[in-house]
Each structure stands twice: as C-alpha cells, then as structure tokens.
Amino acid sequence: DANFIQNYYASSRLHHLSTFKIELQNYVIELRRQRGLTSESTGSARASGRRCIMYVDFDCFFVAVGLRSRPDLRGKPVAVSHCQNPSEASSSDIASCNYEARAAGVSNGMVVGRARQLCPNLIVIPYEFEQYREASRTLYQILVATTPQVQVGGMDEAILDVTNLINDQSADKGAQTKGVSRESVCAKMAESLRQQVWEATQCQVSVGISENILLAKLATRWAKPHGQYYLPIEDAPTRLAPLPVKHIPGIGETTARKLADAGITTIRDLRNQPLARLQDMLGPKAGLNIQRMALGQDDRPLVTSPPRHSVGTEIGWGVRFETPAQVDKFLRDLCQEVHTRMATASVRGKSVTLRLKRRQEGAGEARKHLGHGLCDNFSKSATLPQLTREADALYQTCSRLLGQLAVPPVDLRAVGIQVQKL
DNA sequence: ATCCTCCCCTAC
DNA sequence: TAAGGTAGGGGAGGAT
Ligand SMILES: Nc1ccn([C@H]2C[C@H](O)[C@@H](COP(=O)(O)OP(=O)(O)OP(=O)(O)O)O2)c(=O)n1
Ligand SMILES: [Mg+2]
C-alpha cells in the first residue's frame with residue numbers, strides 16, 4: 001500500500017509523542033532566542049546551595065484536551081483511543097484516561113477491552129493531535145516567559161530551575177527566615193503558573209516542587225490532580241521509604257521484577273542494600289544511580305538544549321510481507337522518511353543501524369490486531385561511505401544489512417533504521 | 001582502560 | 001479492526 005507509512009504515522013500516538021518532544025525542544029530554544037535569553041546564566045549557577053526545581057505536568061493530558069469541546073462528559077469516566085466499536089474484545093490502546101476512569105482501575109496503556117470489563121460505562125473519545133500540539137506549545141510559552149531554564153520532559157511535562165528567581169524574590173522580601181520564605185515564594189510561583197496555564201489552555205497542570213529533579217518529579221504524584229506539592233528535602237527519606245521501587249524513574253517493569261526476585265520491593269529496601277549487591281544485579285553505573293536516587297539524592301543539572309545523537313524511524317505494526325520486493329520497497333520508504341527528518345534537523349550521519357523484529361518460532365497471531373506479537377530482535381550497524389543524509393546512500397547500506405540479517409519476509413514483524421555519529 | 005557492536009530497558 | 005515510536009542510558013562481551 002503506497003502511503004502506508006504516512007497514514008500510519010498520522011494515526012500513531014507514540015509517533016506523535018516522540019516527534020512532538022523533539023519539536024518542543026527546538027521550540028523552547030526558539031522562544032528563548034525571541035526573548036533574547038539565550039546566554040542567560042543557568043538557573044542555579046549563581047547559587048552554591050539549595051536549588052529550587054519545579055516539575056509541571058498536565059493532568060490526564062489527552063482527555064483534558066478532548067473534554068474542552070465535550071463539557072457534557074465531565075465527571076464521567078473517559079478515555080482517548082482509536083477504538084470505534086463497543087466490543088469488550090477491542091485490542092486498541094488507551095492513551096489517556098481521566099481520574100473517574102482510574103477510580104475503576106483503568107490506566108493509560110491498557111487495552112480498551114480490558115478497560116470496559118473494569119468500567120462498563122467507559123466513554124471513548126478520539127485523538128486530536130493538532131490540539132495537543134497547540135496546548136503543549138502554549139504551556140512552554142508560559143514557562144519560558146517565567147524562566148529560560150526549562151527542560152522538556154515530554155509533550156505534557158516540563159522541568160524548571162527557578163533557584164535564582166526564588167532567591168531574588170526572597171531577598172527582596174528582606175527579613176524573613178530563609179527556609180519559610182523560599183517555600184512560600186515557590187508556592188506563589190507555582191500557583192501563578194497553574195493559573196496562567198489554566199486560563200490559556202483550559203487544561204489543568206499539577207506542579208511538584210523540591211530541591212532536585214527526582215524529588216520534584218516524585219512530588220507531582222502528591223500534587224495530582226490539579227494541585228501542587230512542596231516536598232522539603234528533609235522529608236524525603238521518610239516519604240520515599242515506603243514507596244515501591246517502581247516509583248524511581250529508570251526502574252520499570254523488568255527491573256522491578258528483577259529486584260523483587262531478590263527480595264527488594266520498596267525504596268527502603270533499595271536504600272538498605274549493600275551498594276555492591278545492587279551493582280552486581282544492575283551494573284556499576286545503574287546500581288550507583290539507583291541507590292543514590294533511593295536516598296533522594298540527584299545532582300543532575302537541567303539539560304536545556306540537549307544535543308541530538310541519532311535520528312531514526314521504526315514501524316512495528318501492520319508489518320505483514322510475502323515477498324522480498326515488498327520488504328525492499330518498505331525499506332526504501334523508511335530511508336526516505338529518515339532522509340526528510342535529517343534534512344529538517346540539518347544533520348548528516350556516518351553510521352546506520354537496521355533493526356528488525358522476527359516472529360518467534362511457534363508464536364501465534366499477535367494479541368494486538370496487526371501487532372508484532374512475540375518477537376526476537378536483531379540489529380546490525382554499518383559505517384556509511386561518507387557523512388550523508390541521502391536516501392539512496394542510506395538505502396544502499398541498509399539493503400546490504402537486510403541481506404545479512406536474512407529474515408524471511410513472512411516472519412518480519414518490524415523494520416527500523418537509525419542513523420548516528422551525526 | 002577504553003572502544004565498539006549488539007543488544008535491553010525506560011519514559012512519554 | 002487498528003495505527004506496539006523514538007531517543008538516550010547503559011550493560012555484556014570482545015577487540016584494541
Ligand atoms: N502509555 C501511554 C502513556 C501516555 N500517553 C500519552 C497520553 C497522555 O495523556 C500523555 C501524557 O502522559 P502522562 O504519563 O503524563 O499521563 P496523563 O497526562 O494522561 O495523566 P497524569 O499525568 O495526570 O497521570 O502521553 C500514551 O499515549 N500512552
Ligand atoms: Mg500528564
């Protein structure tokens with residue numbers, strides 16, 4: 001099908017999630033430039049001691065945007081998904097659900113069929129990607145107008161370093177005790193941001209506030225929905241101790257299970273482990289990082305203009321081929337897509353990786369309609385003849401890699417390419 | 001030690 | 001029907 005890739009991307013939420021993030025990073029740089037703030041000192045460069053970090057995150061973002069034009073649905077359980085029928089067997093993903101739906105056990109990423117079992121009166125509304133894009137951009141306009149020290153966390157979340165702003169305002173107020181003053185000045189600033197975002201977007205954000213990125217992010221959990229929460233760093237040991245390890249950013253499903261197998265389930269457990277044991281399980285750097293986080297320690301500065309290290313594209317849905325010629329055509333189209341993105345970003349690369357998924361021996365049809373199902377992954381990289389972004393050069397090299405990986409077209413379930421060494 | 005390739009994992 | 005992408009951190013194991 002000639003326009004498969006374009007049509008697919010037009011409907012893929014995960015594609016939009018990823019590409020909006022890149023676009024927002026560039027947008028923030030542009031907003032800073034417009035305000036003549038490019039070379040502003042860092043948010044905490046002047047300060048030697050305590051930082052003040054704010055984590056700003058829209059509440060059930062896609063649903064909140066969708067409900068603006070559907071006020072009659074407020075108060076009812078609502079989810080955003082492609083699902084068009086009332087089936088309890090739908091394998092369509094829920095991108096976002098509101099708090100009414102969550103009360104029934106529904107969560108983001110769940111398939112609609114399962115969600116309907118938990119919440120039979122769940123209402124499904126469609127995606128509105130352009131509206132999400134607009135709301136995100138409005139959020140970032142407001143944030144950059146407050147401080148240039150903004151890190152893009154994603155389409156619906158951002159991190160601010162307001163240390164210098166807070167210190168200046170605390171100093172202006174003169175005599176007040178430092179600790180109390182800082183907290184109240186932070187709280188006022190967060191109130192103001194939430195109000196501005198609400199007025200400009202008719203969507204709510206929550207704000208977590210603390211002294212580093214980790215604690216500010218964890219604080220947003222207590223801030224939601226549509227609230228704010230200041231987590232004093234002194235309280236961190238007590239507040240973090242009982243939380244499941246999965247709350248630490250970087251610990252996902254797989255790592256949490258691995259830790260559970262070793263009897264480690266809470267952040268307290270993580271903190272009490274000998275460092276060497278965590279490092280044996282997770283590796284030297286990961287073990288150290290995770291134990292530091294368990295202690296509430298995080299000295300990472302904001303990254304306000306992250307350098308780009310790779311440009312890639314991958315499709316793992318609807319991939320069902322019969323002939324090598326079909327695979328070849330698909331690969332050509334992917335190379336063209338990457339070429340276009342590299343041109344937009346004004347980058348060229350010296351190395352390319354081909355990534356494939358191959359249907360596992362004996363795996364039946366995927367649980368998800370036209371999904372990749374159970375697969376084995378393969379990747380192979382090669383150096384490009386020169387620093388390039390030309391679609392044809394990418395294709396020549398990828399085509400060779402495809403031959404080397406030798407996956408029968410019928411067994412292919414995903415194809416992707418990624419260019420690096422930019 | 002440090003690099004390289006081929007992975008796995010994570011977050012939105 | 002359904003739209004399971006994307007970039008970065010980092011580990012294992014081998015080469016230098
Ligand atoms: N599995 C997921 C998770 C998220 N998203 C999209 C839809 C979300 O609205 C948006 C932001 O993700 P969040 O994790 O911030 O979730 P929400 O904003 O929906 O809820 P909240 O932040 O209130 O917990 O990303 C998605 O498509 N699929
Ligand atoms: Mg959110």
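Basis for what follows: all heavy atoms, side chains included, without hydrogens, waters or symmetry-related copies. Residue numbers start from 1 in every chain, and the chains themselves are labelled A, B, ... in the order their sequence lines are given, proteins ahead of strands.
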Among [options], which nucleotide sits nearest the side chain of [X]?
| X | options | value |
| --- | --- | --- |
| A/C83 | C/dG8, C/dA2, C/dG5 | C/dA2 |
| A/K421 | C/dA3, B/dT5, C/dA7 | B/dT5 |
| A/S18 | C/dG10, C/dT6, B/dA11 | C/dT6 |
| A/W317 | C/dA3, C/dT6, C/dA7 | C/dA3 |
| A/E157 | C/dA7, C/dG5, B/dC12 | B/dC12 |

Would one find a side-chain N or O of [X] under 4.0 angstrom from OP1 or OP2 of [N]?
| X | N | value |
| --- | --- | --- |
| A/T255 | B/dT10 | yes |
| A/T254 | B/dT10 | yes |
| A/Y8 | C/dG5 | yes |
| A/N85 | C/dT1 | yes |
| A/S310 | C/dG8 | yes |
| A/N377 | B/dC8 | yes |
| A/K217 | B/dC12 | yes |
| A/S91 | C/dA2 | yes |
| A/K285 | C/dG10 | yes |
| A/R355 | C/dG5 | no |
| A/T313 | C/dT6 | yes |
| A/R13 | C/dA3 | no |
| A/S92 | C/dA3 | yes |
| A/N7 | C/dA2 | no |

Measure the distance from [atom1] on [X] to [atom2] on [N] and round it to the nearest whole Å.
| X | N | atom1 | atom2 | answer |
| --- | --- | --- | --- | --- |
| A/L356 | B/dC7 | CG | P | 10 Å |
| A/R308 | C/dT6 | CZ | P | 10 Å |
| A/R320 | C/dA3 | CZ | C1' | 12 Å |
| A/I248 | B/dC9 | CD1 | C1' | 16 Å |
| A/R300 | C/dG8 | CZ | P | 15 Å |
| A/F4 | C/dA2 | CZ | P | 15 Å |
| A/M281 | C/dA12 | CE | P | 13 Å |
| A/Q418 | B/dC8 | CD | C1' | 13 Å |

Inset, instruction - Would you please indicate yes or no on a ring centroid separation below 6.0 angstrom for A/Y140 and A/Y27? - result: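 Judged by ring-centre distance (under 6.0 Å), A/Y27 and A/Y140 do not meet the cut-off.
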
Inset, instruction - Verify the ring-centre separation between A/F321 and A/F330: is it less than 6.0 angstrom? - result: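 Judged by ring-centre distance (under 6.0 Å), A/F330 and A/F321 do meet the cut-off.
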
Mind checking [X] for me? I need base, sugar-phosphate or nothing, with any heavy atom below 4.0 Å counting as a touch.
| X | value |
| --- | --- |
| A/G416 | nothing |
| A/R341 | sugar-phosphate |
| A/K258 | nothing |
| A/G250 | sugar-phosphate |
| A/N108 | nothing |
| A/A10 | nothing |
| A/K357 | nothing |
| A/S90 | sugar-phosphate |
| A/Y9 | sugar-phosphate |
| A/H82 | base |
| A/G371 | base |

Inset, instruction - Report the relative orientation of the aromatic rings in A/H16 and A/F129; use parallel for angles under 30°, tilted for 30 to 60°, perpendicular for over 60°. - result: parallel

Inset, instruction - Describe, in one word, how the ring planes of A/F61 and A/Y132 are oriented to each other, choosing from parallel (under 30°), tilted (30 to 60°) and perpendicular (over 60°). - result: tilted

Legend entry - Charged N-O contact under 4.0 Å between A/E100 and A/K76: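 Looking at A/E100 and A/K76, the cut-off is not met.
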
Legend entry - Ion pair A/D57/A/K217, N-O distance below 4.0 Å: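 A/K217 and A/D57: not salt-bridged.
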
Legend entry - Nearest-Å distance once atom C1' is located in both C/dG4 and B/dC9: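 Approximately 16 Å lies between the C1' atom of C/dG4 and that of B/dC9.
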
From the options [options], select the one residue that forms a side chain to side chain contact (heavy atoms under 4.5 Å, CB included) with [X].
| X | options | result |
| --- | --- | --- |
| A/L422 | A/M342, A/H309, A/R389 | A/M342 |
| A/L259 | A/D269, A/L270, A/T254 | A/L270 |
| A/M54 | A/T220, A/D161, A/V162 | A/V162 |

Inset, instruction - Indicate whether A/H372 forms a stack on C/dG4; treat it as stacked only if centroid distance is below 5.5 angstrom and interplanar angle below 30 degrees. - result: yes

Inset, instruction - Hey, which sits more toward the 5' end of DNA chain C by its nearest nucleotide, A/H369 or A/L282? - result: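 It is A/H369, whose closest nucleotide lies nearer the 5' terminus.
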
Inset, instruction - Please tell me which of A/K368 and A/A286 maps to the more 5' nucleotide of DNA chain C, matching each residue to the nucleotide holding its nearest heavy atom. - result: A/K368

Legend entry - Option passing salt bridge (charged side-chain N to carboxylate O under 4.0 Å, His left out) with A/E128 (candidates A/R68, A/R133, A/R70): A/R70

Inset, instruction - Using a cut-off of strictly less than 4.0 Å between a heavy atom of the residue and any atom of DNA chain B, enumerate the qualifying residues of residues 380-399 of chain A by number. - result: A/K380, A/S381

Inset, instruction - Grab the two heavy atoms, one from A/A414 and one from A/E314, that are nearest each other, plus how far apart they are. - result: CB-OE2, 4.2 Å

